[in-house]
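Residue numbers count from 1 along this sequence.
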Amino acid sequence: MSKSATPEELETTMLALVAERGAGKTLDPTEVARALGGDHPDGWGPLMQPVRQMAVRLMKEGRVLILRKGRPVDPDDFKGIYRLTLPPKPEN
């Protein structure tokens, strides 16, 4: 795998991993980076900022939720360790 990933690869991988994890479960963003960059930190480390940027975009689109300490965050203003999950399904 290359050290760079296209936005399409980031989006596809993130959505697939979050969906695979399922509702009510969370995903560590490093899992997205490792899926694209491999297990060595030199491969996945540089992807962490693009992964975060994609997570923010997808949260704004309502496709993932970013959680910090188990609670949804403001996608424009969060720091530190975070996790990803599926948004709740709308109730009919």
Side-chain angles (χ1 to χ4, degrees):
M1 294 272 172
S2 67
K3 289 185 183 178
S4 63
T6 67
E8 294 77 21
E9 289 171 321
L10 283 166
E11 178 178 346
T12 301
T13 302
M14 185 175 295
L15 291 173
L17 290 173
V18 169
E20 186 179 289
R21 191 60 44 99
K25 306 276 184 172
T26 63
L27 177 74
D28 184 328
T30 61
E31 293 177 63
V32 178
R34 286 173 193 264
L36 292 164
D39 286 332
H40 196 281
D42 288 349
W44 63 263
L47 294 173
M48 290 307 295
Q49 196 59 36
V51 164
R52 183 185 177 99
Q53 291 165 350
M54 181 59 63
V56 167
R57 195 191 98 200
L58 292 176
M59 182 167 176
K60 288 179 177 181
E61 292 174 3
R63 297 165 76 194
V64 300
L65 266 183
I66 301 170
L67 303 177
R68 179 147 164 74
K69 297 183 179 177
R71 295 176 180 217
V73 299
D74 175 346
D76 292 318
D77 185 30
F78 71 100
K79 294 180 177 143
I81 296 170
Y82 65 98
R83 297 199 52 98
L84 303 168
T85 191
L86 291 171
K89 291 188 189 227
E91 295 182 25
N92 294 338

Could you pull out the closest heavy-atom pair between [X] and [Y], with the gap in Å?
X     : Y     : value
Pro50 : Leu10 : CB-CD1, 3.6 Å
Ala5  : Leu36 : CB-CD1, 4.0 Å
Pro41 : Pro46 : O-CD, 3.7 Å
Ala23 : Leu86 : N-CD1, 3.6 Å
Arg34 : Trp44 : NH2-CZ2, 3.3 Å
Asp74 : Asp76 : OD1-N, 2.8 Å

Is [Y] close to [X] at the side-chain level, that is, under 4.5 Å between some pair of heavy atoms?
X     : Y     : result
Lys25 : Thr85 : no
Arg63 : Met14 : no
Leu84 : Ile66 : yes
Arg21 : Thr26 : no

In Å, rounded to the nearest 0.5 Å, how long is the span from [atom1] of [X] to [atom2] of [Y]?
X     : Y     : atom1 : atom2 : result
Tyr82 : Met59 : OH    : CE    : 12.0 Å
Glu11 : Glu61 : CD    : CD    : 6.5 Å
Leu27 : Leu67 : CG    : CG    : 10.5 Å

Worksheet item: Among the clusters formed by ILVMFWY side chains lying less than 4.5 Å apart, do Leu15 and Met48 turn up in the same one?
Response: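 No; Met48 is not reachable from Leu15 via cluster members.
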Worksheet item: Just by modelled atom types, is the Pro29 backbone N or O under 3.5 Å from a matching donor or acceptor in the Arg83 side chain?
Response: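 Side chain of Arg83 to backbone of Pro29: no pair is present.
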